[in-house]
Amino acid sequence: MLKTHGCGDLRAAHAGEKVTLAGWVHRRRDHGGLTFIDLRDRSGLAQVVFNPATSSVAHAVGHTLRGEWVVQVTGEVARRPQGTENAKMPTGEVEIIAGSATVLNESKTPPFYVNEDAPVDEAVRLQYRYIDLRKERMQRNMILRHRAVKFMRDFLDARGFLEIETPILIKSTPEGARDFLVPSRLQPGSFYALPQSPQQLKQLLMVAGYERYFQMARCFRDEDLRADRQPEFTQMDLEMSFVEMADVMGLVEEMHTELVRKIVPEKRLLATPFPRLDYKDAMSRYGSDKPDLRFGMEITDITGLARTTQFQVFKAAAQSGVVKGIVAPGCAGYSRKQTDELLEFVRGKGAKGLVTIALEKIAGSLEALTQEQVRSSAGRHVTIDEIKAMAGRMGATPGDLLLLVAGPEAETNAALGSLRQMMGERLKLADPSVLAFGWVVNFPLLEWRPEENRWDSPHNPFCAPIDQDTPLLDMDPGRAMAKQYDLICNGYEAGGGSIRNHKRAAQEKILALMGHDAAAREEQFGQLLGALEYGAPPHGGIATGIDRLVMLLTGEENIRQTIAFPKTQNGADLLFGAPAPVSEKQLQELSITVKEQQRSGERPAGA
RNA sequence: GCCCCGGUGGUGUAGAGGCCCAACAUGCAGCCCUGUCAAGGCUGAGAUCAGGGGUUCGAAUCCCCUCCGGGGCGCCA
């Protein structure tokens with residue numbers, strides 16, 4: 001080893017020891033005579049002192065050092081002179097008196113600062129990811145990610161789970177996301193697909209009798225990216241035999257509770273056991289199937305009150321849809337510009353419009369408000385008494401701003417849900433130090449797709465209906481509830497799972513409702529259906545998103561901050577330059593011809 | 001496919017039709033400096049203002065197109 005200690009590990013107790021450190025020059029403070037270097041390695045920072053009186057040779061080397069150069073330093077650990085200790089550094093009580101120093105490698109001036117957490121253009125960061133990853137914040141995220149994953153592995157291992165790998169080259173399946181395809185050389189014209197998740201494989205492992213499986217599974221979905229979505233991502237995927245919903249949920253809840261307490265003790269869990277919401281309630285009260293439970297600001301239905309107003313927008317919506325709203329506490333003073341921004345926001349989320357009613361801050365209660373003390377974007381079409389009734393129903397007080405949306409129920413819920421989340425964060429109602437885990441349950445097993453004239457599964461087609469709803473599949477499939485559970489946290493879907501159909505007939509019935517005829521069922525799901533005929537045990541499981549979980553644990557706003565080598569919104573890897581054209585020879589071996597004008601980087605003629 | 005925001009020395013910003021062959025901070029280079037820790041002081045180099053086209057006597061600035069990065073809609077069983 002070229003070093004005896006980690007820079008960040010040195011303490012007063014090491015004083016007097018001769019140590020050898022190796023790392024990167026984080027900062028230099030060259031006084032001409034005395035020269036200080038903050039030396040950095042993964043463990044942290046240590047101050048190295050080059051004193052010409054101690055070693056003129058080492059001092060000469062120290063003088064030449066520049067940022068990000070790689071150096072090896074040997075010297076004695078010493079307590080810093082009285083009054084020069086640095087309380088801000090973990091190693092601030094000591095310093096290394098350099099006896100010798102060797103430059104292991106020089107560095108060009110880096111394209112951005114490693115030693116400060118300043119914003120840098122994302123493209124530059126990704127192009128030089130190996131430098132970006134040197135930053136303290138990124139290293140902290142990667143280390144925390146490792147610890148979280150390690151915790152999960154140990155947790156599951158202690159409970160009898162086996163980590164079993166499943167193939168990355170599998171078969172393309174219909175349904176769901178777009179597959180990434182890999183052409184077969186040995187079978188020209190045929191393709192593998194990368195797994196969207198190991199769903200069917202883990203069910204086959206249950207049929208195979210492994211009883212408790214898990215995997216830190218790479219998953220691939222060729223869909224557009226978002227702040228919390230990458231085309232390749234990692235799931236903690238598990239499956240168990242002979243379990244019911246409560247068994248899987250209890251295990252996962254215990255895992256996350258202990259994980260938070262051990263890995264991020266500075267964070268507070270909102271509630272344990274995790275609160276449970278019905279899907280229907282989540283949608284109507286929070287406008288989301290993954291509500292942020294850190295704050296209230298619930299959505300109130302005022303359709304009944306809106307119906308009797310003279311405001312046409314409300315009257316019309318009350319006929320065919322709903323009128324609902326949220327209360328933005330203390331926001332009555334919002335300017336026209338600010339309310340216009342909110343209008344634009346909800347329009348972007350699918351609402352037709354937004355009615356704002358500002359209740360002026362007065363000494364008295366709601367009842368004391370006069371017509372002059374309310375400002376409504378609906379003008380005087382809604383009377384002061386009607387406004388008071390609405391405000392009362394919504395739990396508003398003078399000084400608050402009512403935000404109302406009218407329209408079809410689903411769109412209205414969705415728009416208000418997004419508005420609630422945005423306002424909750426803007427008004428600092430969502431405490432960043434809190435992790436509000438919860439479960440959403442009682443999902444419908446199937447939902448009707450009128451445009452395709454068939455049923456579809458909101459989650460995955462392998463989910464079983466709850467026992468007493470099984471007969472409904474023959475009578476009224478839309479009313480059947482699923483043995484499905486989604487783990488939510490702070491407005492994100494942290495994971496989802498279900499108890500599966502373990503009998504072929506039950507699974508086929510659902511696939512049939514979803515519009516797959518016998519031939520299609522065999523072609524697309526034959527491997528699983530066949531397995532269910534050979535003693536498949538009752539089983540169920542869950543998968544949780546590791547990238548997102550780490551994002552929540554670290555308080556980051558996107559998952560690129562939790563992935564060592566992420567892709568851009570265009571799906572590009574700026575470091576390697578992927579995707580990229582390949583050689584004609586490679587294409588030939590794969591029996592692939594690329595349409596000339598569609599090669600990336602080239603424009604169609606005439607454009 | 002669509003909507004929104006952005007692209008100016010290495011990095012982060014300023015700039016709003018002539019004051020700009022572009023300013024500030026930091027970084028970089030050189031010199032001075034023995035207790036600093038965002039060290040300090042002095043000097044200096046560094047930008048075809050993302051690319052292309054247009055409007056104008058005149059464009060970093062206005063318009064159009066393209067590319068790139070970000071946020072979102074659709075999409076994501």
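Naming: A, B, ... by sequence-line order, numbering from 1 per chain. For the numbers below, each heavy atom of this structure counts, side chains included, while hydrogens, waters and symmetry mates do not. Computed from a prediction, not measured in an experiment: that's the story for all the values here.
Rounded to whole Å, the distance from CD on A:Glu106 to C1' on B:C28 is 15 Å. Protein atom CD of A:Gln569 is 16 Å distant from nucleotide atom P of B:G6, rounded to whole Å. The separation between A:Arg226 atom CZ and B:C3 atom P is 15 Å, rounded to whole Å.
Checked by distance alone, A:Arg80 brings a side-chain donor or acceptor within 3.5 Å of a matching partner on the base of B:C37. A donor N or O paired with an acceptor N or O is found under 3.5 Å between the base of B:C76 and the side-chain atoms of A:Arg229. In terms of polar N and O atoms assigned as donor or acceptor, the side chain of A:Asp38 never comes within less than 3.5 Å of the base of B:C37 in a complementary pairing. Taking only distance into account, the side chain of A:Glu116 never meets the base of B:U26 through a donor-acceptor pair shorter than 3.5 Å. Between the side chain of A:Glu122 and the base of B:G71, no donor-acceptor pair of N or O atoms lies under 3.5 Å.
Spacing of P atoms, B:U13 relative to B:G53, comes out at 28 Å, to the nearest Å. Using atom P as the reference point in both B:A22 and B:G44, the two lie 15 Å apart (nearest Å). Comparing the P positions of B:G15 and B:G6 gives a spacing of 13 Å, expressed to the nearest Å. Nucleotides B:C37 and B:C31 are separated by 23 Å at their C1' atoms, to the nearest Å. Look at the P atom in both B:C73 and B:G27: the space between them is 40 Å, to the nearest Å. To the nearest whole angstrom, the two C1' atoms, one in B:G9 and one in B:A25, are 13 Å apart. Of the C1' atoms belonging to B:C49 and B:C42, the separation is 30 Å, rounded to the nearest Å.
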Practice problem: Show your working on salt bridge (charged side-chain N to carboxylate O under 4.0 Å, His left out) between A:Glu411 and A:Lys324 and close with a plain yes or no. | Solution: CA-CA 11 Å; A:Glu411 284 86 336; A:Lys324 303 178 76 166; over 6 Å; no
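With hydrogens and angles disregarded, a donor-acceptor distance shorter than 3.5 Å links the side chain of A:Arg129 to the backbone of A:Ala564.
Residue A:Asp38 holds its CG atom at 6.0 Å from CD of A:Gln47, rounded to the nearest 0.5 Å.
The pairing partner recorded for B:C49 is none, the criterion being a Watson-Crick or G-U wobble arrangement whose two distances lie under 3.5 angstrom.
Here A:Phe36 counts as stacked on B:U36: its ring centre is under 5.5 angstrom from the base ring centre and the planes meet at under 30°. In this structure, A:His31 forms no aromatic stack with the base of B:G35, since the conditions of centre separation below 5.5 Å and plane angle below 30° are not both met.
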